[in-house]
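First comes the structure, then the notes that go with it.
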Number of protein chains: 2
Amino acid sequence: MKKKRPSLRDIAEVLNVSTTTVSFVLNGKGEEKKISKQLIERVENYLKEIDYKPNLIARSLRTGNSHIIVFMVEDVSNHFFSKVGRIIEDISYKHDYRVLFCSTENDAKRTREHIEVFKERQVDGFIIVPPPGIKEAVEDLQQNGTPVVLFDRKIEGIEIDSVLLNNYEGSRNATLHLIEQGFKNIAFITIDLNQNQMLDRLAGYRATVKEAGLTEYILTLPYDPDRASDSRKKIQEFIAAHPQLDSIFFATNYLSQSGLKTLHQIDSNLVSNLGIISFDDSYFFEMYAPTISAYAQPIELMAKELMRLMLDRIQKKNEALNVEEVNLDGELIIRESSLKKYTRL
Amino acid sequence: MKKKRPSLRDIAEVLNVSTTTVSFVLNGKGEEKKISKQLIERVENYLKEIDYKPNLIARSLRTGNSHIIVFMVEDVSNHFFSKVGRIIEDISYKHDYRVLFCSTENDAKRTREHIEVFKERQVDGFIIVPPPGIKEAVEDLQQNGTPVVLFDRKIEGIEIDSVLLNNYEGSRNATLHLIEQGFKNIAFITIDLNQNQMLDRLAGYRATVKEAGLTEYILTLPYDPDRASDSRKKIQEFIAAHPQLDSIFFATNYLSQSGLKTLHQIDSNLVSNLGIISFDDSYFFEMYAPTISAYAQPIELMAKELMRLMLDRIQKKNEALNVEEVNLDGELIIRESSLKKYTRL
DNA sequence: TTGAAAGCGCTAACAA
DNA sequence: TTGTTAGCGCTTTCAA
């Protein structure tokens, strides 16, 4: 049933040349290795004729690389990560790399297991959104000389290429925007995740509110996504306890989404009457009524920077390179929800 | 810098046994091959001690398989596909397979290229959402004995395992529901994609409307996503031309999304006054005001069926199996938007 | 019950 | 300018 594909050796035999010759021509090293024009042409023609495809596994075994890049994120089906992944896939494809997506679930053990397997599969590089507790595994990769680029989050106490969002600035901008629109009692709703990107956002909010002489109102919800109804109750209580609130800043887009739903359930006018802004954009914010303002992460730029670093590191694998920490700014997208309200103010 | 990992041979030398022995023990074939208990134990202990990880590439080269499954969809960042992919990833992980996600962009050439590369990489199976024009490539894989399971769409004139949605029934159910709620002038908005899943949905709508003695109103929009503004205009004209419409059935979730936005722009009361239902659910439908009814695809079940077939085919690679076409039913999720309206009727 | 050795298909150092 | 050949690390047949 399975017709065996011809191997290099088969080809060499048919053409009556050595496998070396075929290999060199195949890899475009014909000229460099001073193989005659005619021979090159003859080989190339034959390769084309039989539409020869080399066995990539054999090549990997020999060369030690695989032209595969791993993209490890918390959840590949998360909108933000999947969009970034999509662009990474495209850039990789153009450079003849493939991308293995995988979900860490923010779990260190699972992540370490994945890393082990991929290492044994000779993947050429890792782009990782690091869960807590994988510092050693990452250092190990670095020791090994495997390119690693961190994304979205840092690991403290380790020198490593990273592409990050300037969370503090973003949070500050969003808060400032609300203040400029005349909001005085701005709530910040976040999750109790002890990770620097969330802490920076909180810090940005607090500093800005304080600077403006306003009071801070902070609600911290449990991270556990299974306890959505708990969160709903907490939001409801929070709103009830602070009737003076005129606006809400959600620290991440899935909070905004569930938050909007909750607000709507509490009182269908609430969403229109409160100033609302979200950290992280969502494609549904512009279809909502009112449309929801957001501080958007620069998805395309992030993907490009990740791949720029990755391809560079792969190429210059044996040179010592300066570690780069790329801090990108997002963009404040002002829609209806964060504009001055006349109904309530 | 790179400390070389120990190979099977190294281990054999250290233990003063043959590589065969180590290999057998490593693969749990010790007993079967009648290696003595003590030896097995000695080898196992050493393997554990040095935390030996075999080189998976070498193994692949030798065995001809890779424990990698490819999941090819139109766009990996599409909500529906990424959710299915996420579950497939999980199931695979439990069976010690990894998943290579890749986007076809519904383009035959790109898809064929991907298939070629993956074939040379010895992937163990393909789950494919087939774009038009890849029938031959798929048949080729089948010839090769590589497991292929189609998802979401069929390829006409080819016997192949597939997991599909029962589009006709789904469309019928959604239409019936609107009729039961008292809607009389139901529009069907679709895209001009000549693929059977879309045609079945259209057919389901038409048959049901006809059966109920109602008039059909069909708007077909161009597929090209770049021409969103065109679509908006067409929707607007369509609504204007048929003031008697009391409800709209969108044939796919991204149509619903852009459609809702358009409706809202035309007249902010329109969304509340029309009956609305969407083929395909979206997580944002339940946050919208009003919440949007939908015929939801059974994401988890689909992923499970895909993997059931895939793992089965991989395992029984050399047996002739009956082709299975799994047709799944979705679920009608009734929310506010499709309930009887009192404001307009 | 264990070991020797032949490959899987490719690359590249070395020889001719 | 081209060819010979030794591996890459593993599995598995055959021999001992």
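Only a predicted model underlies this, so the values are computations on that prediction, with no experimental measurement involved. Just the heavy atoms: all of them, side chains too, but no hydrogens, waters or symmetry mates, feed the values below. Within every chain, numbering begins at 1; the chains are lettered A, B, ... in the order of the sequence lines, protein sequences first and strands thereafter.
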Exercise. Find the distance Glu32(B):CD to dT11(D):C1' and express it as a whole number of Å.
Key: 13 Å

Self-check item: Distance below 4.0 Å between Thr21(A) side-chain N/O and dG3(D) OP1 or OP2
Solution: yes

Quiz item: Once the angle between the rings of Phe71(A) and Phe101(A) is folded into 0 to 90°, is it parallel (under 30°), tilted (30 to 60°) or perpendicular (over 60°)?
Solution: perpendicular

Quiz item: Rounded to the nearest Å, what distance is computed from the CZ atom of residue Phe24(B) to the P atom of nucleotide dC10(D)?
Solution: 15 Å

Quiz item: So do Glu113(A) and Tyr93(B) actually touch side chain to side chain, heavy atoms under 4.5 Å?
Solution: yes

Practice problem: Quickly work out the Arg62(A) CZ to dG7(C) P distance and round it to whole Å. | Solution: 19 Å

Quiz item: Does Thr19(B) place a side-chain N or O at less than 4.0 Å from the phosphate oxygens OP1/OP2 of dG3(C)?
Solution: no

Self-check item: Between dA6(C) (P) and Arg9(A) (CZ): distance, integer Å
Solution: 13 Å

Self-check item: Any Lys29(B) side-chain nitrogen or oxygen under 4.0 Å from OP1 or OP2 of dT12(D)
Solution: yes

Quiz item: At under 4.0 Å between heavy atoms, what does Asn16(A) touch on the DNA or RNA strands: base, sugar-phosphate, or nothing?
Solution: sugar-phosphate

Practice problem: Compare side-chain N and O positions of Asn55(A) against OP1 and OP2 of dC8(C) and report whether any pair is under 4.0 Å apart. | Solution: no

Exercise. Take Thr63(B) and Ser36(B), find for each the nucleotide of DNA chain C with the closest heavy atom, and name the residue whose nucleotide sits nearer the 5' end.
Key: Ser36(B)

Quiz item: When you measure from the side chain of Ala58(A), which nucleotide among dG9(C), dT13(D), dT1(D) comes out closest?
Solution: dG9(C)

Quiz item: Does Ser77(B) reach the side chain of Glu89(A), with side-chain heavy atoms less than 4.5 Å apart?
Solution: no

Quiz item: Is there a side-chain polar atom (N or O) of Ser23(A) under 4.0 Å from OP1 or OP2 of dA12(C)?
Solution: no

Quiz item: Would you say a side-chain N or O of Thr20(A) is under 4.0 Å from OP1 or OP2 of dG3(D)?
Solution: no

Quiz item: Taking atom P of dG7(C) as reference, at what distance in whole Å does atom CG of Leu8(A) sit?
Solution: 18 Å

Quiz item: Within less than 4.0 Å of OP1 or OP2 of dT11(D), is there a side-chain N or O belonging to Arg59(B)?
Solution: yes

Practice problem: Rounded off to whole Å, could you give me the CG-to-C1' distance for the Asp10(B) and dG7(D) pair? | Solution: 14 Å

Quiz item: What pair of heavy atoms forms the shortest contact from Ile40(B) to Ile35(B), and how long is it?
Solution: CD1-O, 3.5 Å

Quiz prompt | Proximal nucleotide (of dT11(D), dC8(C), dT11(C)) relative to the Asn27(B) side chain | solution = dT11(D)

Quiz item: Closer to the 5' end of DNA chain C via nearest nucleotide, is it Gln122(B) or Val17(B)?
Solution: Val17(B)

Self-check item: Residue Tyr52(B), side-chain atoms from C-beta onward, closest of dG9(D), dG3(D), dC10(C)
Solution: dG9(D)

Exercise. Rounded to the nearest angstrom, tell me the gap between atom CD1 in Ile57(B) and atom P in dG9(C).
Key: 15 Å

Self-check item: Shortest non-hydrogen contact between Phe126(A) and Lys119(A), atoms and distance
Solution: CZ-N, 4.2 Å

Quiz item: Would you say Ser7(A) reaches dG9(C)'s phosphate, i.e. side-chain N/O to OP1/OP2 under 4.0 Å?
Solution: no

Practice problem: Find the distance Asn65(B):CG to dC8(C):P and express it as a whole number of Å. | Solution: 16 Å

Quiz item: Are the side chains of Met302(A) and Lys83(A) in touch, meaning some heavy atoms are under 4.5 Å apart?
Solution: no

